[in-house]
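Keep in mind that this is a model prediction, so the values were computed, not measured. One-based numbering, in listed order, for ligands and for the atoms of each.
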Amino acid sequence: MTEQTKTLAVVTLGCKVNQYDTDSVVTQFLDAGYSVVDFDEAADVYLINTCTVTNLGDRKSRQMIRRAHKKNPNAKVVVMGCLAQTTPDDVAALEGVTLIVGTNGRTGIVREIEELETGEQKSLVEDIFEISDFEDIPSLDFSGRTRATLKIQDGCDQFCTYCRVPFARGPSRSRPLSSVLEQAEQIVALGYKEIVLTGIHLGLYGADLNPPLTLAEVSEQVANTKGLLRLRVSSVDPHEITDELIELVATHPVLCRHMHIPLQSGSDAVLRRMRRNYTSAQFRTIVDKLRRRIPKIAITTDIMVGFPGETEEHFLETMNLTRDVAFSKIHVFQYSKRAGTKAASFPDQIPSNEKEDRSRRLIHLGEALAERFHSSFIGQNVDVLVEQVQEDQAIGHTDNYVKVVFPVPATVDLIGRVVPVRVVKADTTGVLGDFNAEGVTPSVK
Ligand code: SF4
């Protein structure tokens with residue numbers, strides 16, 4: 001009789017870095033012979049990678065822990081990530097939690113969980129401010145089929161006054177170049193066509209290495225990986241976008257014409273109190289440079305509304321800057337008080353109805369700008385990396401991050417291929433196109 005495979009059910013809350021961390025732990029479970037099942041199934045082990053960026057992240061993380069225990073009270077539950085790192089005692093108090101792991105010390109999770117019985121509990125959470133090296137865990141199991149995230153940096157030294165991440169992730173540390181390149185080669189060998197370089201504070205990449213490196217340097221080396229079609233750089237603060245990086249995006253055929261630059265606020269008074277290290281004028285200058293050098297670049301952003309003391313005038317400054325910069329996508333989020341941060345004790349906290357209202361207005365503007373950006377491609381040919389085919393529709397993205405949907409015959413297998421598509425229609429979410437493999441020549445960047 002063959003031994004039954006042990007099962008693992010996984011859920012990840014939060015950002016791309018968390019997704020990478022999950023993927024790397026899942027890789028270890030797969031190596032140990034586990035098979036991955038849906039989170040709603042009764043599994044032997046549940047892995048919940050938590051987030052603590054907002055109150056909502058905390059709440060959802062706790063909900064998923066409870067859901068896992070309810071689904072199978074005999075299962076072992078591993079809780080890792082930012083919530084586990086910042087409030088391990090609260091996590092330990094939740095029923096059914098077996099192993100608590102922070103944002104480091106994740107290499108021996110499988111062994112640790114197998115040594116524990118259901119009902120026992122252990123914590124592997126370390127003092128994150130004592131960690132100085134990048135924890136180098138390769139990931140070979142990624143959530144998508146065409147695009148893989150490659151984490152090259154962890155931690156942050158900036159301590160923006162609203163943010164709990166430095167307490168959860170510790171000081172900035174970078175993955176050594178040789179390890180980055182080795183992982184990039186493995187990703188391409190597995191058949192992935194696009195890599196997204198990611199980190200908690202990516203612009204700090206390499207400052208702690210000896211000899212130091214820059215984000216532009218590591219990006220160029222990764223982009224040169226044989227067989228890689230696209231490289232996307234996930235998020236860079238405006239004051240860390242160097243001329244070298246702009247030049248690389250402008251000239252290297254593998255680099256995507258896409259920059260995610262967190263704005264947070266268009267008001268200098270608010271940016272100062274957030275401790276964001278740049279002004280609205282510097283933000284505008286960097287965007288002008290990018291647009292001049294890289295036509296059709298997609299510039300996406302994160303904006304926070306309702307920071308303590310944000311007046312209607314401050315908010316209107318954000319609206320104006322947003323309109324002028326014409327972001328192609330905006331992630332709007334409402335400020336929420338995070339324990340341990342400076343801003344939690346700031347006066348003039350904004351009532352939630354005011355935050356709701358500002359959020360709604362900004363989202364509305366963001367949608368109009370997205371539609372305008374997408375409409376500018378109507379009638380043009382774009383190159384689409386196909387990520388999914390559902391029935392007779394293919395879905396993918398352009399290098400400048402426009403989502404493209406187009407009809408294809410069900411018999412054609414396009415996943416993982418870059419194909420030319422003529423854009424015929426646009427809306428807030430992306431564009432619709434026509435695919436004609438014979439009649440259309442791929443456009444050149
Ligand atoms: S740069 Fe600011 S917002 Fe980003 S992780 Fe660091 S402290 Fe948080």
If only atom types and distance count, is the side chain of Thr98 paired as donor or acceptor with the main-chain N or O of Lys76 below 3.5 Å? no
Could you check whether Tyr335 and Tyr162 have their ring centres less than 6.0 Å apart? no
Donor-acceptor contact below 3.5 Å, side chain Arg358 vs main chain Glu310: yes
Under a 4.0 angstrom heavy-atom cut-off, which atoms of ligand 1 come close to Pro166? 7 (S)
Examine all N, O or S atoms of Cys163, backbone included, and report whether one is under 2.8 Å from atom 2 (Fe) of ligand 1. no
Check each atom of ligand 1 against the heavy atoms of His201 and keep those under 4.0 Å away; list them by number with element. 1 (S)
Sidechain-backbone polar pair: Glu217 side chain, Thr214 backbone, donor-acceptor under 3.5 Å: yes
Show the nearest heavy-atom pair for residues Glu317 and Ser267, with the distance to one decimal. OE1-CA, 3.7 Å
What residue and heavy atom of the protein are closest to atom 3 (S) of ligand 1, and at what distance? Tyr162 OH, 3.4 Å
Answer with yes or no whether the side chains of Glu240 and His201 bring together a donor and an acceptor at under 3.5 Å. yes
Please list the nearest protein heavy atom to atom 2 (Fe) of ligand 1 with its residue and the distance rounded to 0.1 Å. Cys160 SG, 2.3 Å
Run the numbers for me: atoms of ligand 1, each under 4.0 Å from some heavy atom of Val165, listed by number. 5 (S)
Mode of Cys156 contact toward ligand 1 - side chain, backbone, both, neither (heavy atoms, under 4.0 Å): side chain
For atom 4 (Fe) of ligand 1, which candidate among Arg275, Gln158, Arg276 holds the nearest heavy atom? Arg276
